[in-house]
Amino acid sequence: MRLRTFTGGGFAENGYLVACEQSGAAVAVDPGACAEGMADAIRSEGLDLVAVLLTHAHLDHIEGVHVIRGGVPNVPIWLHPADRSMYAALPEYAAAFGVDVAPQPEPTDDLAHGQRFTFGDSSVDVRFAPGHAPGHVIFVSEEDGFALVGDVVFLGSIGRTDLPGGDFYTLMRSIREQVLTLPDAMVLHPGHGPATTVGDERRGNPFLIPHYGGDLA
Ligand SMILES: [Zn+2]
Ligand SMILES: [Zn+2]
C-alpha cells in the first residue's frame, strides 16, 4: 500500500491518498483544502479511485469532496451516519467560522464499526471513535502498520471537544479503546500536524499519561 499526505488550507488539514500498489485502486481520505493536489495525483498517476472516505464531517475535512468528485464523477462518498447532520449543516458551520466553502455532494454510503473496506488487494478496517465528532471513525491497516486517526489524537495532543456533538469523556474512551489497543509500533496519521506512533502517544502524550492527570485514558 502507498500512502501520501496532502496538507492545505487555513486549518492545515491533512488529507491522505492511499493506493494499492498492485492494482492502482485508491481511496481519498478527508479531501479538504488539499483536494486539488490529491486530484492531480489521482489523474497523473492513473489511479483508480474507488471511494472518498471521511473520518468525520468537520468542514476542513470535507471542503474538497466536490473537487475529487469533479475528477472522478460518481465516486462513492462514505461517512458514518452519526455525522450526516453535521455534513448537511456545512453552510452554517462555514458561516460560523467565517470561511467560504463550496456546496458539497451528499454522502452516498454509511461507514460502520467493524467494517473492512477493501480496494484492490488492500484494505482498511473501520473503528468508531466518537468524542471529537459524534460520527468520527478511524481507518486502520494492521497489515501495513498505520492508522488514519483524523482529529481523535495528535502528536502530543487530542481532538477538541467543544464543538457541537463533541464530548471529552467519550473522546477519552475512544482513544483508550480504539487507539491505545493498537500495537505500539503502529504509525498514526492525524488530521493535523505530523505523524506519530501509538507507543509515543501512550508514553508521552500529556493528555494520556497519568502524572499529568490524563488517567482517564
Ligand atoms: Zn474535526
Ligand atoms: Zn480537523
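Quick caveat: nothing in here was measured; it's all calculated off a predicted structure. Just follow the structure's listing: the first ligand is 1, and inside any ligand the first atom is 1.
- Look at His136 and the Zn ion (ligand 1): no N/O/S atom of the residue is under 2.8 Å from the metal.
- With a cut-off of 2.8 Å, the Zn ion (ligand 2) has an N, O or S atom of Asp151 in range.
- Among heteroatoms of the N, O or S kind in Asp60, OD2 lies nearest the Zn ion (ligand 2).
- Under 4.0 Å is where a charged nitrogen must lie from a carboxylate oxygen, and between Asp184 and Arg203 at least one such pair does.
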Given ring pair (Phe, Tyr, Trp, His ring centres under 6.0 Å), test His61 with His192 step by step and report yes or no.
CA-CA 10 Å; His61 295 252; His192 306 268; 5.3 Å; yes
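- Geometry note: the Zn ion (ligand 2) is the vertex, His192 NE2 and His61 NE2 are the arms, and the angle is 110° (rounded to 10 degrees).
- The pair Glu106-Arg69 fails the salt-bridge criterion, with no side-chain N (NZ, NE, NH1 or NH2) lying under 4.0 Å from an Asp/Glu carboxylate O.
- Taking a 6.0 Å sphere around CD of Glu143, one finds it holds 12 or fewer heavy atoms contributed by other residues, nucleotides or ligands.
- Rounded to 10°, the angle formed at the Zn ion (ligand 1) by His56 NE2 and His132 NE2 is 100°.
- Rounded to the nearest 0.5 angstrom, Asp125 CG and Ile138 CD1 are separated by 10.0 Å.
- Summary: ND1 is the N/O/S atom of His58 found nearest to the Zn ion (ligand 1).
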